[in-house]
Protein chains: 2
Amino acid sequence: MPLDDRDDRGEDIDPDTLQQGRPARPHANRLPRDTAQKKPTLKTVAELTELAVTTVSRALSDDPQIALETRVRVRQAAEDVGYLPDRAAQRLRTGRTNVISLVLDPHEEILGYGTSMIRGMSAALRGTRYHLVITPHFSDTPQIDPVKHIVRNRMADGILFSRTEAADERVKFLMEQGFPFVCHGRTELATPHPYVDYDNYAFSYRAAKSLIAAGCRRLFIILPPAQFTFAHHMRHGFMTAVREEGVAFEISDRVSLDSKSDAIRDHVAERLAADDAPDGFICGGEVSAMAVMSAAYDTGRIIGQDVRLVAKQTSGLFDQVRPRIETIYEDLAEAGRLMAALLLKQMGGEVPVEELQALQTV
Amino acid sequence: MPLDDRDDRGEDIDPDTLQQGRPARPHANRLPRDTAQKKPTLKTVAELTELAVTTVSRALSDDPQIALETRVRVRQAAEDVGYLPDRAAQRLRTGRTNVISLVLDPHEEILGYGTSMIRGMSAALRGTRYHLVITPHFSDTPQIDPVKHIVRNRMADGILFSRTEAADERVKFLMEQGFPFVCHGRTELATPHPYVDYDNYAFSYRAAKSLIAAGCRRLFIILPPAQFTFAHHMRHGFMTAVREEGVAFEISDRVSLDSKSDAIRDHVAERLAADDAPDGFICGGEVSAMAVMSAAYDTGRIIGQDVRLVAKQTSGLFDQVRPRIETIYEDLAEAGRLMAALLLKQMGGEVPVEELQALQTV
DNA sequence: ACATCGATTTATAACGATATAACTCATGCG
DNA sequence: CGCATGAGTTATATCGTTATAAATCGATGT
């Protein structure tokens, strides 16, 4: 790899940083003396060192064929003129972008979601040649659109995404294309694929057991929309627990974790007002948990006494929510770290797909 | 502009989308017949139409010099083979990236913040040649690092960012470089620059007036860290109101909007336990408002009775928070829309800087 | 008939990097 | 003395696009 252009070590102090009145001219020279009227390229360094462009290129990528002394000299010259390789040219020639793209739906439920995950991914990518960029995607267009766009335009060398569906088009597409990716959540496709998932079966199993142990006799669970694989996992864990214990239950069919929070609140409030009102709630997300809490409040129920609630916690939000509720933590920063790590591993060379799968326990 | 590569119209139905067992081969042919063993380029289209590469290029960019009939023919042929211009090559040749970069700090306070803003920006960019990508930045490294990186490596044609400081290094740098940008929030630099800001003076002025009108006699405001310009605005609005009304007040010096929410809660709880406890709180952010609420709860205060709270609302969170609190809304989606629009205007040609400044009223 | 013009189309040269193959030139060995 | 060896360096071609200048050709005007 040529000059490490990732960390902008702050060694170039602009002396004119304080000159306010000066009109902005495009790409004003950064160096005190007018060494660089325009951006330095390999040619610039080549002329400076009286070597061929090719030699400079190889020297900068630490090719052992180039004499060590030459490599040092070139590296020094390159740094002197502030040479940075042109990403576009590198990309055109090599087909590599040095970019990893996270396709993220800045959905309401995303609250802490994206944040922590991004944090983990950035951490895992720090020190590598790769940059993380986020491509926003909104649920009003097909999930696969941004993915196709990235692949076709080679906007990245690898893709990360979440909200994986049981028959995920993105997974199919990327597998076909042989394009590196790791997704958060599994599919139910026959072909194995790389993923990082959280044990949502265990989550709702444990949540249900906990509610029942606390005395709840009618459980209500709000699931993700059915197309997401983890909806099945959550349902399954929930069903196993309620069957084992033989308590009444309901699975919301009118609202999902992705519903507007007002809709969730209204629906829950309605159910709470009924004769057969549930006394225990399970929410796989923070927004829906807030909605359940407001519904309880609005109908005069006290959380922790009249009704109980177990929610999945992915941010620090519930640390400040009162009354306190029971939460089960999903470490999304770790998930992000893992996803990026597995992607790197995958791009590093042929790896059996089993080594690219990870399940986070609750 | 050549073929619109933004919207992946879903016209290519992969017939083998269901073939699971098939091993993934890199960039398998998408078309039924093996027309394209490899990615089609201008050359491909040129051969097909028996025209020169140059002609095809110009035809696709709707050059009036090319006969209309030819343009139509070329466009058709390009579509037939699924031609998409190579971004890297375009970028190398033209120096344009067709990318706009939002540098975002996925900070805790960001909750709804980023989400809405991104939504607005995406909306404003829809239908243009530009793509929005988000470059995450964490507060443990200088704010200017990712900006420098983007400019030096020409990772984008324009930059958007938030959390503007009074003497913002990024603004200075970008002005010097003549690089297009719009920031959320103003600086206090002498040079005027493009920005979109919210009237935070009015926010805290109105918040304070409202609390006083409701009977509060000792106001407590939690400000952003002092380096951010809007900290000054908020302070000023607050001070004006309390002076006009002659009530007691305190400005938190131990915690800021960026403090960990636990720290805010502990501090507020401490103040609430004191003899001279405040009875009215103003929070410029959602996380800190939650912290104030939990502190009130933990010390046995009832929000809306014993103490009051006015918070800035940027997401739907407070719709579900109970008891309800008074909020003042800041429309971040609109801010994002505006920022992107002003950036486009700026990149479109020389525009007086006054036309690139916007202030959102409360 | 010939220069000129307008409407099209095209050849050529970049943009900045790297993969490939070829070139130097001193050294070692038979 | 000639030739293979190999370390070190370099020339050339190419990635896919577009800016620039030039070429083609029938039609027009004098």
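Just so we're on the same page: letters track the sequence lines, and every chain starts at 1.
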- Task: Would you check if there is a donor-acceptor pair between the side chains of B:T164 and B:H184 at a distance under 3.5 Å?
- Result: no
- Task: Quickly, which of A:L356, A:L160, A:V196, A:I159 forms a side chain to side chain contact (heavy atoms under 4.5 Å, CB included) with A:L343? Name it, please.
- Result: A:L160
- Could you state the atom-to-atom distance from CD of B:Q90 to C1' of D:dC15 in whole Å? 14 Å
- What salt bridge (charged side-chain N to carboxylate O under 4.0 Å, His left out) pairs are there with at least one residue in residues 41-58 of chain B, not counting sequence neighbours? B:R58-B:D63
- What's the CD-C1' distance between B:E47 and D:dG16, to the nearest Å? 13 Å
- With A:D157, which residues qualify under salt bridge (Lys or Arg N to Asp or Glu O under 4.0 Å), at least two apart? none
- Message: If the condition is salt bridge (Lys or Arg N to Asp or Glu O under 4.0 Å), which residues does A:K345 pass it with, not counting sequence neighbours?
- Response: A:E355
- Query: D:dA19 P sits how many Å from B:L92 CG, rounded?
  - Reply: 13 Å
- Task: Round to the nearest Å and state the distance from B:K39 atom NZ to D:dT17 atom C1'.
- Result: 11 Å
- How close or far is atom P of C:dG16 from atom CG of B:D86, stated in whole angstroms? 17 Å
- Atom-to-atom span, CZ of A:R91 to C1' of C:dC15 - whole angstrom: 15 Å
- Item | Nearest-0.5 Å distance that lies between atom CZ in A:F181 and atom CE in A:M339 | 10.0 Å
- Query: When you check the gap from the basic side-chain N to the acidic O, do B:R154 and A:D86 get nearer than 4.0 Å?
  - Reply: no
Do any N or O atoms of the protein come closer than 3.5 Å to N or O atoms of nucleotides 8-13 of chain D, and which pairs are they?
residue, atom, partner, partner atom, Å
D:dT9, OP1, A:T70, OG1, 3.1
D:dT9, OP2, A:A67, N, 3.1
D:dT9, OP2, A:T70, OG1, 3.3
D:dT10, OP2, A:A52, N, 3.1
D:dT10, OP2, A:T55, OG1, 2.7
D:dT10, O4, A:R58, NH1, 2.7
D:dA11, N7, A:T54, OG1, 3.3
D:dA11, N6, A:T54, OG1, 3.2

- Item | Length of the line joining A:L60:CG and C:dT18:P, which is rounded to integer Å | 8 Å
- Message: In whole Å, I'd like the distance from the CG atom of A:L42 to the C1' atom of C:dC15.
- Response: 13 Å
- Bend of the helix from C:dA1-D:dT30 to C:dG30-D:dC1 from end-axis comparison, five pairs per end, nearest 10°, comes to 70°
- Message: Please evaluate residues A:Y83 and A:R75 with respect to the criterion side chain to side chain donor-acceptor pair (under 3.5 Å), reporting the C-alpha separation (whole Å), side-chain torsions for both, the decisive distance (0.1 Å), and the verdict.
- Response: CA-CA 9 Å; A:Y83 168 77; A:R75 202 166 270 286; over 6 Å; no
- Closer than 4.0 Å, any side-chain N/O of B:T94 to the OP1 or OP2 of D:dT18? no
- Does B:R71 have any salt bridge (Lys or Arg N to Asp or Glu O under 4.0 Å) partners at least two apart in sequence or in another chain, and if so, which? B:D62
